[in-house]
There are 2 protein chains.
Amino acid sequence: MEQRPNPYAANCPTRLVLDRLADKWAVLLLGLLASGPQRFNQLRREVEGLSQKMLSQTLKGLQRDGLIERTVFATAPITVEYALTPLGRTLISPIEALRLWAESHIGEVVAAQAAYDDAGPAVPVMPMKVQNVGAGSPAAR
Amino acid sequence: MEQRPNPYAANCPTRLVLDRLADKWAVLLLGLLASGPQRFNQLRREVEGLSQKMLSQTLKGLQRDGLIERTVFATAPITVEYALTPLGRTLISPIEALRLWAESHIGEVVAAQAAYDDAGPAVPVMPMKVQNVGAGSPAAR
DNA sequence: CTGTATCCAGGAAGATACTG
DNA sequence: CAGTATCTTCCTGGATACAG
């Protein structure tokens, strides 16, 4: 029926991937692993605010998705290395793009937030942008 | 102190932006608005599984970040349009990249998940990749 | 070192009802 | 149509303790 099933249906691939990527720890870890394999506690130390539980959990998820690979070295004590898989490596480009966007536009975002918070609380004399439209309604689709 | 403060510190811009973008609804809505302004209930209908509460909440957040703009038309009943701001428009490219990645690699991800779930539950004869390493430990940094 | 298991508080999100 | 308010439930995620 749906020739062009919109990408916003619940079963859409984009949605599935997004659900996983909508995890800041996952994105952060992928970015970190992009520069080479890392050990468990190494990652733990590098990502500020990441608890051991979340790290373990997130790594497991990424491994399940085939994005990272877990290698155990039978040293004593044991050491474990996490590295991007070839599939995972294909993701670093989009993620890098996101990181670049963040760095170049964070200032504007923060400014917008400040402006919003400034205008919000106050009782408005001219609070919101209102337009009087006669005939030409916006949604005359 | 930190000449190269790692991007994984809690105060890093990337982190701040990521926290917001780590919201699947937000990303989805931005993608939807990339093709033109939309009304409230229009968005609600288009994004499957998105509750009214989450829509309202997410839109407010995006507006606060200066990524979208809310315009009220004084029709009867009232209509409201949401559109990307210039800042928001700069985000569609990275998001599109993500969407494209998702569409081209979803198959591999699903396959990896299946393989993982397949190997996981079973009691392993040769479950995990283990290497015996003598001297050359991995983390000889 | 690399995890897993348990407890527990706080936030996220659905359902529902109501307002302008 | 475009929301806000409230209630309740569920899950996330931190802290802690323990195991291989």
Side-chain angles (χ1 to χ4, degrees), chain A residues 10 19-20 22-26 28-29 37-64 68-83 120-121 124 127-133 137-141, chain B residues 10 15 19-20 22-26 28-29 33 37-64 68-83 120-121 124 127-133 137-141:
Chain A
D19 281 355
R20 194 141 289 303
D23 176 352
K24 67 175 175 184
W25 301 129
L28 245 17
L29 288 173
Q38 311 258 338
R39 302 218 327 264
F40 186 86
N41 279 343
Q42 214 171 345
L43 292 168
R44 178 154 157 54
R45 275 188 298 271
E46 277 175 314
V47 182
E48 198 172 311
L50 174 54
S51 70
Q52 186 181 41
K53 179 184 176 179
M54 287 314 294
L55 175 57
S56 176
Q57 190 174 309
T58 305
L59 287 172
K60 225 183 292 182
L62 290 172
Q63 191 191 351
R64 190 177 105 98
I68 68 174
E69 191 180 27
R70 178 181 183 272
T71 308
V72 178
F73 293 89
T75 53
I78 193 177
T79 56
V80 180
E81 234 182 43
Y82 291 91
M128 27 179 72
K129 176 179 173 189
V130 177
Q131 298 180 3
N132 254 297
V133 183
S137 333
R141 66 123 84 201
Chain B
R15 283 284 285 270
D19 282 354
R20 193 140 290 304
D23 176 352
K24 68 175 177 186
W25 300 130
L28 244 17
L29 288 173
L33 291 175
Q38 309 258 339
R39 302 216 328 260
F40 186 86
N41 280 341
Q42 215 172 344
L43 292 168
R44 178 155 157 54
R45 274 186 298 271
E46 279 174 310
V47 182
E48 199 172 311
L50 174 56
S51 70
Q52 186 182 41
K53 180 185 176 179
M54 288 314 295
L55 174 57
S56 177
Q57 190 173 310
T58 304
L59 288 172
K60 228 184 287 184
L62 290 172
Q63 191 192 352
R64 190 177 105 98
I68 67 174
E69 190 179 29
R70 178 180 183 273
T71 308
V72 178
F73 292 89
T75 52
I78 196 177
T79 55
V80 179
E81 235 183 41
Y82 290 91
M128 28 180 71
K129 176 181 175 186
V130 177
Q131 299 178 4
N132 254 298
V133 183
S137 334
R141 66 126 82 205

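Numbers restart at 1 for each chain; the letters A, B, ... are given by sequence-line order, proteins then strands.
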**Prompt:** Which value, rounded to the nearest 0.5 Å, describes the distance between A/K24 atom NZ and B/D19 atom CG?
**Reply:** 4.0 Å
**Nucleotide interval of DNA chain D bounded by contacts with chain B (heavy-atom cut-off, under 4.0 Å)** = D/dC1 to D/dT4
**Prompt:** In whole angstrom, what separates B/D23's CG from C/dA13's C1'?
**Reply:** 12 Å
**Request:** State the CG-CZ distance between B/L59 and B/F40, to the nearest 0.5 angstrom.
**Result:** 6.5 Å
**Request:** Taking all non-hydrogen atoms of both residues into account, name the closest pair between A/M54 and A/W25 and its distance.
**Result:** CE-CD1, 3.9 Å
**Item:** Rounded distance [0.5 Å steps], CD in B/Q42 versus CD in B/E81
**Value:** 8.0 Å
**Gap separating the CG atom of B/L29 from the CG atom of B/L33, nearest 0.5 angstrom** = 6.5 Å
**Prompt:** OP1 or OP2 of C/dT4 less than 4.0 angstrom from a side-chain nitrogen or oxygen of A/S56, does that happen here?
**Reply:** yes
**Message:** In whole Å, I'd like the distance from the CG atom of B/L55 to the C1' atom of C/dA12.
**Reply:** 16 Å
**Message:** Using five base pairs at each end to define the local axes, how bent is the helix from C/dC1-D/dG20 to C/dG20-D/dC1, to the nearest 10°?
**Reply:** 50°
**Prompt:** Is any side-chain N or O of A/R70 closer than 4.0 Å to OP1 or OP2 of C/dG3?
**Reply:** yes
**Prompt:** Given the rule in the side chain to side chain contact (heavy atoms under 4.5 Å, CB included) test, do B/R45 and B/N41 qualify, once you have shown the distances and angles that lead to the verdict?
**Reply:** CA-CA 6 Å; B/R45 274 186 298 271; B/N41 280 341; 3.9 Å; yes
**Prompt:** How would you list all residue pairs meeting side chain to side chain donor-acceptor pair (under 3.5 Å) that involve residues 52-64 of chain B, not counting sequence neighbours?
**Reply:** A/D117-B/R64
**Prompt:** Closest heavy-atom contact between B/I78 and B/F73?
**Reply:** CG1-O, 3.5 Å
**Prompt:** About how many Å separate CD1 of A/I68 and CD of A/Q38, when rounded to the nearest 0.5 Å?
**Reply:** 11.5 Å
**Request:** Report, as a single string ordered 5' to 3', how protein heavy atoms within less than 4.0 Å touch nucleotides 14-20 of chain C: B base, S sugar-phosphate only, - not at all.
**Result:** B--B--B
**Complete:** Nearest heavy-atom contact between B/Y82 and B/R70 is OH-NE, 3.4 Å
**Request:** Compare side-chain N and O positions of A/K60 against OP1 and OP2 of C/dT4 and report whether any pair is under 4.0 Å apart.
**Result:** yes
**Message:** Tell me the interatomic distance from A/R44, atom CZ, to C/dT4, atom P, rounded to whole angstroms.
**Reply:** 14 Å
**Prompt:** Donor-acceptor pair, B/R44 side chain versus B/L50 backbone, under 3.5 Å?
**Reply:** yes
**Prompt:** Roughly, in whole Å, what's the span from CD in A/Q57 to C1' in C/dT4?
**Reply:** 12 Å
